[in-house]
Amino acid sequence: MTPTIVLPVIIGGLYAAGVYLLLDRSLTRVLLGFLLLGNATNLLLLSVGGPGGLAPILGYAEAEEMSDPLPQALILTAIVITFGVAAFMLAMIHRSWRLVNEENVGTDEEDRRVAARSDTDADELDPDDLAPEDRPAGHADSLRIRAGAVRGIPSDDVDLPSASAR
Amino acid sequence: MTALLLLHLIAALGAPLLVRWWGRAAFLVLALVPGAALAWLLVQLSVVLAGGVVEETTSWIPALDLAVTLRLDALSLTIAALVTGVGALVLLYCARYVGRDEEGTARFAACLTGFAGAMLGLVLADDLLLLYVFWELTTVLSFLLIGGDGARLAGRRAATQALVLTTAGGLAMLVGLLLLGQASGSWLLSEVVADPGTGPAVTAGMLLVLAGAVTKSALVPFHFWLPAAMEAPTPVSAYLHAAAMVKAGIYLVARLAPGLAEVPGWRPVLIGLGLATMLVGGWRALRQTDLKLLLAFGTVSQLGFLMVLLGGGSRELAAAGLAMTCAHALFKSTLFLSVGVIDHATGTRDLRRVSGLGRQLPALAVIATAAAASMAGLPPLLGFVGKEAAFAALWDGGLPDRTTAALVLAGLVLGSTFTVAYSARFLWGAFARKPGTPPAEVAHPPGPLFLTAPAVLALAGLVAGPASPALEPLVAGYADTLPLLAPEPEQLGLWHGWQPALLLSAVTLLGGLGLFAVRARVSRVQERLAVGASADEGYWNVLQGLDRLAVLVTGTTQRGSLPAYLGTILVVLLALPGTLLVTRAPWPAEWRAWDTPAQALVGAVMLIAAALALRIRQRLSAVLVVGITGYGLALLFALQGAPDLALTQFLVETLTLVVFVLVLRKLPKDIAERHRGRERAARGAIAVAVGALMGVIGAVAMAVRTATPVSVDYPEEAYEYGGGQNVVNVTLVDIRAWDTLGEISLLVVAATGVASLVFLRHRTGGVDRAEDLQLRPDGVSPRRAPRRRWLAATATLDPQRRSVVLEVITRLLFHSILVFSLYLLFSGHNEPGGGFAGGLVAGLALVLRYLAGGRYELGEAARVAPGLLLGSGLLVAGGSGAAGLLAGEDVLQSAILQVTLPVLGDVKLVTSLFFDMGVYLIVVGLVLDVLRSLGAELDRQDDEDDPIGLQPGEVVVR
Amino acid sequence: MTGVLAPLPVLLPLLGAAGTLLVGRHPAVQRVLSVVVLIAVLSVSVVLLLRADALGATAVSVGGWPVPLGIVLVVDRLSALMLVVASAVALGVLVFAVGQGATDGSEQTPLSVFHPTFLVLVAGVSNAFLAGDLFNLYVGFEILLMASYVLLTLGGTAPRIRGGITYVVVSLMSSLVFLAAIGLVYAATGTVNLAQLAVRLGELPAGTQVLLQSMLLVAFCIKAAVFPLSAWLPDSYPTAPAPVTAVFAGLLTKVGVYAIIRTQTLLFPGGALDTVLMCAALATMLIGILGAIAQTDIRRILSFTLVSHIGYMVFGIGLATSAGLAGAIFYVAHHIAIQTTLFLVAGLVERQGGSTAVDRLGGLAKASPLLAVLFFVPAMNLAGIPPFSGFIGKLGLLRAGVAEGSPLALVLVAGGVVTSLLTLIAVARVWTRAFWRPRTQQPGRDTARAAASDAGPDTPDGEVTDGNGSAPVLVGQSARRAARQAAWVRHTQVATASEADDDRAEERDDDDEVHPLPGVMLATTGALVALTVALTVIAGPLYGLASRAADDLRERTPYLESVADVAVLR
């Protein structure tokens, strides 16, 4: 099939405008962008049906001079779906407005908090940063002389739990 | 054999129950389980000694060649005997070690028993992958056993460390096994060893498998997890970290040596690491003051020793190695258990605090001395036999390369000297009387049962020495699978006459005792040589590096901002399809301007409107210009010859505008601009690129169409089977009714969602009825509304909000609109219209009522709850689908009924009409729901929120 | 027989939804109705699976319209298997939700909204699995997405709305791409029937083929959360109520994966984009799991492991060998079950401990040993520890990769192994901190103990007898002490920083008494855990089924011939 020039231009224009709005922070504009994109996509679906023709209604036109009915059915479904989603998004916009008195796309704090993390959990600390009794046995540089030690017996012993202690 | 494993599993699962019933006595019963396994093994001894093997296979996952294939030969029998024997004794020991009804006993018992089973499976498995299964099971169970109740930070860290290290090695090993299996074409250990195949794959696989063995058996540089694991209770240390789990790596090496010892890389890795480990372990053992840690480092050293012997890949070394493995298992577990007894009795294991125990616990002293002597390699114990054999083997032969053999021998002698030294240190530390230290008081002396396990083990070591020739056939059964490098094989035994090995043993003995004698000086030397860094340090640094990396990567990829995500998606869209479009796809040969010039006109208007939408900051106007593009689209549909589309698009666009207005009236008038110029530029660039892409791509796609569309047959099919002339409508309600069914269910959910976002807690609010209000007897407002009430509830409105014209129009139009909508519904099958269009029109009628008369008017107009409309609509539509099934036809199959009615004459009724009615109901329900929630409910919330600003005469309902 | 049963997994939930709407004012009736419906769906699916495995693929043309005019539903091994797993999991989650609703009242999840929506969600999922028509697949997606929007924003709290907005808009994006792709496909071939497309697409120029393939792939990869199109998932999923998150994590992404498998094998057998898929798989695995390592909240950790393990399946698809596909299919089945279970467990943890933030939890193993078991087993399963199904799936994939043997495949094998290890680290951390570590040792509470331990080692310095030994020791210690104090300070700061969010955790922080868990929820979770373990036991037949399904996919003919003979489809 030979494509027209007009339709791609319109489709492209609508897509461009839609994408631009979709990338906005204001939910209203995001929704508007989505509507534009929806229209553009429906037009795309229409254009792929090939050249236009007469309404696909028997008695009104002959089968061969009709426009392709299948894309029309698909588009009709798509239109209605878009409407349902748009209504829901409007409800969300309203809800978010009632909650935080703004209708902007928020940022996920947890993501930012994680990105800013610099701490290490106690269970992951470098052994040197641990309390002595928590250092792993045989951790080399915890070599030390302990109170009441028998003279001259160094050890990297850490107090392991003893049976009676438990 | 499978039965034995299952027995262990059942025992492990049942253990908590037993503990609940009998307390710590349950261990006595659990000990029977490995005991039974040991008994069975001994029964098989004759078969195996005769050179036979016991095999068993149970299919599991044929598709992956993963089957429960178990095989018992000399090697596996030897190790299995150790595992089960020590296991049984350790469980016996626990019956006294564990405090009466101590917390966590159930968990401990279950894990320990389960571990015994896993270990047995590990040594019996003949299937490569099954081996890995048990391998990982032991890892996980040791994780739980080391961690205990998890109250101690050190315990948690040690457990995690052991888990991570051994699993890392295990995963490498898994890949290695896969490579080996792939290369050798068989997934059975026995066959892989028989014919491992050749090539880089084998070498790589071998090295990866060794990685697993090295980590599991705590060889340098992964040795540090073993001492740390001493956090675990003593029985666990005795079993897992002396007799069983750490032997897994040794076992694997021994198992593979006959096949892979000649593969380049095998000997250097194992012998190098083995020697290093033996020396490091012995050196570190010399400076421990905790008896348990002393033994732990001793174990590390001995593991290195065993790795050298069994990795050597020669008959004589293998024989020595196997004997040594038995010896080690016996004496090391004995020593650990003895330490447990000491710990239990005195409450400490610090060799600087325990003094003069030899006097107070003579029996224990004897037992421990026997074991330590075996560790030091004193005749006539098994330890001596093994070490002797090792020296002898290396003296002539042992390794293909003489110089290596000599070096290794030297290393072993040095290592053994350390061994003697720390054995002496252990005995001295545990039992000797130390000047200046008060003799430790024995709180509760051990009972006979407590001493049984160590006693039996020590005795075994003692007997096995003289009886070592009896072990020869078993050992030979494995060792003979390896090439003999020495002139003639040497039998195990105490006395081989005056030979160099004997001299070497003497050297080690004297050297070791000497080292112990000058321990003070040695320890000062150690202090000086003590290094600040350790492999352990490295481990934790790696882990923290991992953390930092994780945070860095996540921080960059997970921005938490929606525009960023959308941008990414669009960029991918441009990067993948965009590139392909430019580079690969054939572009259309010729273009035509348009179907009709009108398209260009409409298109221009639409584009201008879209462009305006980008600039306008005022919400409503922005919505309006976007609406213009929608109406333009409807026009384009009409031009293209799609009246149904045009109609629906027009109605939907109108309804969308209404809903927008309903919501936006609550929002500020203008949209604040929050974007920096650079952001806008980026958006613009992406937008233009995507626009270009999507514009061209459709044309490119349709240019290659050669096939005729399926829809050419639609018209007559629609008339024949669908019984309708409007092809699109027939397509919707019949040919593709399944789509429509899904779509209307989507609408149902959308309506429900809108309601739930506004009403939150429940599906929908009550219906606002005008009767609910008490209007003031007579309004005193000077500007009264006209007395004549055109609509039911407009009296509830502020007179200023009322518009008589609108009321009149509504009054006149409402019902005719409803009738029109029904007409659309019924005629839709043959002319433009149908359920959607009809429903939307009806919905608009409701909108009109609401706009004219407020929420009470809406209540008057539609008294039914939207949920009912939606539900019944879905029921009708879905039911008409089910009806087809019940009629024994396909789902959603329609029928054409010709009936003759008295007045109307012949009436042709297509059952798909019922489906269309369902659609109609649902669309109406949707609109009603939206009006209810986004319209009426918002009004109500306002009235409640701010009663201020009410006009006199307006009534507020609470 | 199959012709009658095939539509039911979609039709029954829809009728059920209609019913629950009509009886909206009687929650009890709603519960019974939806449970009954899902039980029926499950049993129908099982029958379908048995028949599909015995008799091969079957196609049903809806409304009796001749192929390729109308819509066909195709039941082959893959779709039937997916149906069974999905409906089983859905049933479990529903019962869990009912149990929760029974205890919480309808505060958390307004039942009158939950039940119809949930049923429609199930219908959408089933429809997506059954669809033999590209546009009908789109409709299926739209149904389940719309339902998921509603479920995700149940109760309309601020975090849910924020997460919901991200989720909704991204999903809309993917749907638009999908719809446009359908338009392109129709433009090039004049049909939307999958079987016919399989024939007609092959006759297009290679360039156009790969173009269409890439468009569909982008759309599905967004839904399946394949990196770099995955960032939306961890932001949105964790905010929903536990049962909702569970069913999302289990089902929705897998529908995307299913769509990828279907289209890649049926429509584009050429494998033009396999390299792209493999690279995407690698990135997904590694970056996803690094995300999990970085998180400190159980739900988010699980969400990231979810993303990461999607990489495994894509890996299997990218291999495009029968073995790889088999591994991927088995892994999908395993992953649906395991992720759902773990998110339900997370819900239980939140009840027990009052939070899902790991730093805020502690001592759970002591508080509720049963809960500990319920977490530990699936967690190890997720980490691919044998003998659980996670290991089996991983094994299948790794083996397929090794067998394929190309350098890229080996790189992915390595990546898969690393991912597995990191997964283990992630879940082991949750275990050690939330289940083992006593509440008293939580970060931020340790300061007292830290001070005590600071004092600890210093006292002996005075009594040190050996001079030359002590000097370096002293230095070492003071340095160490400084580092340690710094470390503790960091903890306190983080702890206090993260205190703000959850006041329920606040008040519970100080009491360690056991909060009893509702029996129904425990029982359901236990049943699901049992299901995941059962996957190990029946792994033999299951994996056999998976590889038979994979062979079907590679051959394509079973699918095509079930719809119509190829001559008709031209």
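A, B, ... follow the sequence lines: proteins, then strands. Residue 1 opens every chain.
At a 4.5 Å heavy-atom cutoff, the contact between Arg25(A) and chain B is made by backbone and side-chain atoms alike. Looking at Leu54(A), the atoms closer than 4.5 Å to chain B (heavy atoms on both sides) all sit in the backbone: N, CA, C or O. Of the two parts of Leu70(A), the backbone and the side chain both hold a non-hydrogen atom closer than 4.5 Å to a non-hydrogen atom of chain B. Interface remark: Gln544(B) contributes side-chain atoms only to the contact with chain A (heavy atom separation under 4.5 Å). Heavy atoms of Ile671(B) lying under 4.5 Å from chain A belong exclusively to its side chain. Using a 4.5 Å cut-off between heavy atoms, Leu35(A) contacts chain B through its side chain alone, with no backbone atom that close. Interface residue Thr629(B): backbone and side-chain heavy atoms are both found under 4.5 Å from chain A. Both the backbone and the side chain of Arg705(B) come within contact range of chain A, judged by heavy atoms closer than 4.5 Å. Both the backbone and the side chain of Val659(B) come within less than 4.5 Å of a heavy atom in chain A. Both the backbone and the side chain of Leu566(B) have a heavy atom closer than 4.5 Å to some heavy atom of chain A. Contacts of Leu31(A) with chain B are made by side-chain atoms alone, with heavy-atom separations under 4.5 Å and no backbone atom involved. With a 4.5 angstrom heavy-atom cutoff, Leu552(B) does not touch chain A via any of its atoms. Within the 4.5 angstrom heavy-atom criterion, atoms from both the backbone and the side chain of Val623(B) approach chain A.
Taking CG from Leu747(B) and CZ from Phe83(A), the interatomic distance works out to 8.5 Å, rounded to the nearest 0.5 Å. In this structure, CG in Leu667(B) is found 11.5 Å from CZ in Arg98(A), a value given to the nearest 0.5 Å. The distance from the CZ atom of Arg619(B) to the OG atom of Ser26(A) is 5.5 Å, given to the nearest 0.5 Å. Atom CG of Leu14(A) is separated from atom CG of Leu633(B) by 8.0 Å, given to the nearest 0.5 angstrom. Rounded to the nearest 0.5 angstrom, Leu645(B) CG and Leu46(A) CG are separated by 7.0 Å. Residue Asp644(B) holds its CG atom at 7.5 Å from CD of Gln72(A), rounded to the nearest 0.5 Å.
In this structure, the side chains of Val749(B) and Phe88(A) stay at 4.5 Å or more apart for every pair of heavy atoms. When side chains are defined from C-beta on, Leu938(B) counts as touching His94(A), because their heavy atoms get closer than 4.5 Å. Using a 4.5 Å heavy-atom threshold, the side chains of Leu570(B) and Leu23(A) count as touching. The side-chain heavy atoms of Ile57(A) and Pro832(B), taken from C-beta on, include a pair separated by under 4.5 Å. Between Trp594(B) and Leu7(A), the closest side-chain pair of non-hydrogen atoms is not below 4.5 Å. Taking 4.5 Å as the limit, every side-chain heavy atom of Pro56(A) sits out of range of all side-chain heavy atoms of Tyr714(B). The side-chain heavy atoms of Val80(A) and Ile744(B), taken from C-beta on, include no pair separated by under 4.5 Å.
For Thr2(A) (side chain) and Glu590(B) (main-chain N/O), no donor-acceptor pair under 3.5 Å exists by modelled atom type. In this structure, the side chain of Arg683(B) engages the main chain of Tyr20(A) through a donor-acceptor pair within 3.5 Å.
Among Asp108(A), Asn39(A), Ile11(A), the residue making the largest number of heavy-atom pairs under 4.5 Å with chain B is Asn39(A). Each of Val48(A), Ile79(A), Leu58(A), Val19(A) has some count of heavy-atom pairs under 4.5 Å with chain B, and the biggest count is that of Leu58(A). When Leu562(B), Thr648(B), Thr731(B), Leu614(B) are compared by the number of non-hydrogen pairs under 4.5 Å with chain A, Leu614(B) comes out ahead. Chain A forms more heavy-atom pairs under 4.5 Å with one residue of Val728(B), Ile735(B), Val758(B) than with any other, namely Val728(B). Comparing Leu636(B), Leu543(B), Asp739(B), Thr556(B) by heavy-atom pairs within less than 4.5 Å of chain A, the highest count is held by Leu636(B). Per-residue heavy-atom pair counts under 4.5 Å with chain B were compared for Gly13(A), Gly38(A), Gly49(A), Gly53(A), and the maximum is reached by Gly53(A). The candidate from Asn830(B), Leu926(B), Leu655(B), Ile697(B) with the greatest count of non-hydrogen atom pairs under 4.5 Å with chain A is Leu655(B). Top candidate by heavy-atom pairs under 4.5 Å with chain A, chosen from Ala589(B), Ala158(B), Gly555(B), Gly560(B), is Gly560(B). Between chain B and the residues Ile81(A), Ile5(A), Val9(A), the largest count of heavy-atom pairs under 4.5 Å involves Ile5(A). Comparing Arg559(B), Arg680(B), Arg156(B), Glu679(B) by how many heavy-atom pairs each has under 4.5 Å with chain A, the most go to Arg559(B).
When all heavy atoms are compared, the tightest approach of Gln558(B) to Asp111(A) is CG-OD1, 3.2 Å.
For the residue pair Thr4(A)/Arg592(B), the side-chain donor-acceptor check at 3.5 Å is not satisfied. Donor-acceptor pairing under 3.5 Å is recorded for the side chains of Ser711(B) and Asp68(A).
A search for salt bridge (Lys or Arg N to Asp or Glu O under 4.0 Å) contacts involving Arg521(B) returns nothing, not counting sequence neighbours.
Evaluated for a side-chain contact (heavy atoms from CB on, under 4.5 Å) with Pro715(B), the options Glu64(A), Glu62(A), Met66(A) yield exactly one hit, Met66(A).
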